[in-house]
Amino acid sequence: MIKKDAYEVAVAGATGAVGRAMLAILEERQFPVANLTCLASARSAGSTLPFRGKEVEVRELTRDSFKGIDIALFSAGGGTSKEFAPAAVEAGCVVIDNSSAWRMEPGVPLVVPEINAHAIGGEPGIIANPNCSTIQMVMALKPIHDLYKIRRVVVSTYQSVSGSGQKAMDELGQQMQQLQEGKGVHPSVYPHQIAYNCLPHIDVFLENGYTKEEMKMINETRKIMEDDSIDVSPTTVRVPVMISHSEAVNVECEQEIDLERVRESLAAFPGVVVVDSPGKNEYPLAIDAAGKDEVQVGRIRLDLGNPRCLNLWVVADNLRKGAALNAVQIAEALVRR
Ligand code: A2P
């Protein structure tokens, strides 16, 4: 991509929960946008979205949408990315794709800029934005891996409904109201009621008994950390929270752990903040992380059964660091080179 003062940027899926966050973050971080093209399905064509004090008209995403575009941020689902990202690349665009469609493809970089910005290649093509639960977990794991080399991670997630998009946020709100009014609920995004419930089921089940979301956490962690020896044992759970994913993470290292060094390294790692004063009831909370950029880490404590293991509680805004912010940071790394 040729270096410019400002770039032609497109957002595919601009009307969605992540797409809207992409627009807000491009504006907040003053990304050098010459012109913004907002793309979505035919249903949204003609509607408008706010950007830098103006309303930008939404256009239908087609194969011809990418002429003259330098950078296309995609967040319109895996099928849409599979169908349209190659056309965008053919038109000379760099695609930063938030779906899972291309992440494990050999030759497609899977990037969390604080960890592996070096993986961004020189050619125009697709750069994959990792899964939201994986991004916030590896942000907490990387400084620990650099200190003590991680062998195995056991993680349970508490994932908000915004990870399933705007319809799921609407469904949670409606169910809460219907139940308070004594009415029945009719789940449509999820297979069960999500209000006042926890669903140990994110994305589809595979033959091995794990869900696709769980397999993403296993495979993407290895690819981003560039270490296939790390074992990840995940259970991913949808909870009735609007925004921010939380994770209980047990980490086993090769060496005995000095907790003070872990705290210092986490606090010094870009994009991570330590929130860990349990005596004052201070620990990361989904409602506090929502709208913020940093991954919050707390409840940092040794595993009582093994001096090579520790436990963490990791919380981040899944729409921001878990998706839109990480994608914009990739674009920033791209134009900085
Ligand atoms: P639209 O709003 O027109 O349906 P979310 O994850 O919040 O549900 O958002 C999904 C985003 O992807 C929306 O912007 C949606 O547009 C867009 N999208 C979904 N399917 C398509 C498609 N086939 N072509 C273009 N955009 C799509």
Side-chain angles (χ1 to χ4, degrees), residues 9-27 36-51 55-67 69 71-91 93 95-103 126 128-135 159-175 187-191 194 202-204 212-213 216 236 238 240-245 290-291 317-328:
V9 177
V11 175
T15 51
V18 172
R20 286 168 191 270
M22 283 171 166
L23 265 52
I25 291 168
L26 285 167
E27 182 171 334
L36 181 74
T37 302
C38 290
L39 304 167
S41 76
R43 291 180 294 274
S44 305
S47 64
T48 62
L49 291 166
F51 183 68
E55 290 294 315
V56 179
E57 189 172 327
V58 178
R59 296 192 211 152
E60 184 185 354
L61 170 63
T62 69
R63 281 171 203 279
D64 300 323
S65 297
F66 300 98
K67 222 171 141 208
I69 304 288
I71 301 169
L73 305 177
F74 269 67
S75 191
T80 311
S81 291
K82 272 271 181 226
E83 190 178 346
F84 294 99
V89 172
E90 206 148 291
C93 234
V95 171
I96 301 171
D97 182 35
N98 189 49
S99 82
S100 60
W102 304 96
R103 289 180 190 147
I126 299 170
N129 204 42
N131 163 266
C132 43
S133 300
T134 309
I135 292 178
Q159 296 182 225
S160 69
V161 295
S162 56
S164 316
Q166 189 59 51
K167 281 199 194 100
M169 297 170 82
D170 297 342
E171 181 158 308
L172 173 58
Q174 283 156 8
Q175 287 184 1
S188 88
V189 176
Y190 299 115
I194 183 65
I202 300 186
D203 210 331
V204 297
K212 234 173 157 179
E213 183 82 352
K216 288 174 207 166
T236 57
R238 189 73 65 192
V241 166
M242 280 294 177
I243 296 177
S244 298
H245 294 349
D317 183 325
N318 54 296
L319 298 176
R320 292 179 76 91
K321 185 56 187 167
L325 171 64
N326 199 72
V328 173

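Just so you know, ligand 1 is whichever comes first in the structure, and atom 1 is the first atom listed for that ligand. From a predicted model like this one, the values you see are computed outputs, not experimental measurements. Start at 1 with the first residue, then count along the sequence.
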**Request:** Among all protein heavy atoms, pick out the one at the shortest distance from atom 9 (O) of ligand 1; state its residue, atom name and that distance to 0.1 Å.
**Result:** G16 CA, 3.2 Å
**Asked** Should S75 be listed as contacting ligand 1, given a heavy-atom distance under 4.0 Å as the test?
**Response** yes
**Asked** Can a non-hydrogen atom of R43 be found less than 4.0 Å from any atom of ligand 1?
**Response** yes
**Message:** Considering both backbone and side-chain atoms of V18, is one of its nitrogen or oxygen atoms within less than 3.5 Å of a nitrogen or oxygen in ligand 1?
**Reply:** no
**Prompt:** Which atoms of ligand 1 have any heavy atom of L61 under 4.0 Å away?
**Reply:** 25 (C)
**Request:** Quick one: look up the protein heavy atom nearest atom 14 (O) of ligand 1 and list residue, atom name and how far away it is.
**Result:** T15 OG1, 2.6 Å
**Note, I194 side chain near V189 side chain (heavy atom, < 4.5 Å)** = no
**Asked** Is R103 reaching over with its side chain to a backbone N or O of N98, donor-acceptor style, under 3.5 angstrom?
**Response** yes
**Message:** Checking the N or O distance criterion of under 3.5 Å, is ligand 1 in contact with A17?
**Reply:** yes
**Asked** Between V95 and F84, is any pair of side-chain heavy atoms under 4.5 Å apart?
**Response** no
**Complete:** In terms of its nearest heavy atom to atom 19 (C) of ligand 1, the top option of A45, S99, A76, S164 is A76
**Prompt:** Who's the nearest protein heavy-atom neighbour of atom 6 (O) of ligand 1, and how far?
**Reply:** G165 CA, 3.6 Å
**Complete:** One finds that the ligand 1 atoms under 4.0 Å from a non-hydrogen atom of S44 are 1 (P), 2 (O), 3 (O)
**Asked** What residue and heavy atom of the protein are closest to atom 26 (N) of ligand 1, and at what distance?
**Response** S41 N, 3.2 Å
**Prompt:** Do the non-hydrogen side-chain atoms of I243 and M169 ever get within less than 4.5 Å of each other?
**Reply:** yes
**Message:** Keeping T80 on the side-chain end and A76 on the backbone end, is there a donor-acceptor pair under 3.5 Å?
**Reply:** yes
**Asked** With a cut-off of 6.0 Å (strictly less than), are more than 12 heavy atoms of other residues, nucleotides or ligands near CD of E60?
**Response** yes
**Prompt:** Does one side chain, of E213 or T236, offer a donor that lies under 3.5 Å from an acceptor on the other?
**Reply:** no
**Request:** Report the nearest protein non-hydrogen atom to atom 23 (N) of ligand 1: residue, atom name, distance rounded to 0.1 Å.
**Result:** T80 OG1, 3.8 Å
**Complete:** Distance col, row S41:OG vs L61:CG, nearest 0.5 angstrom, shows 9.0 Å
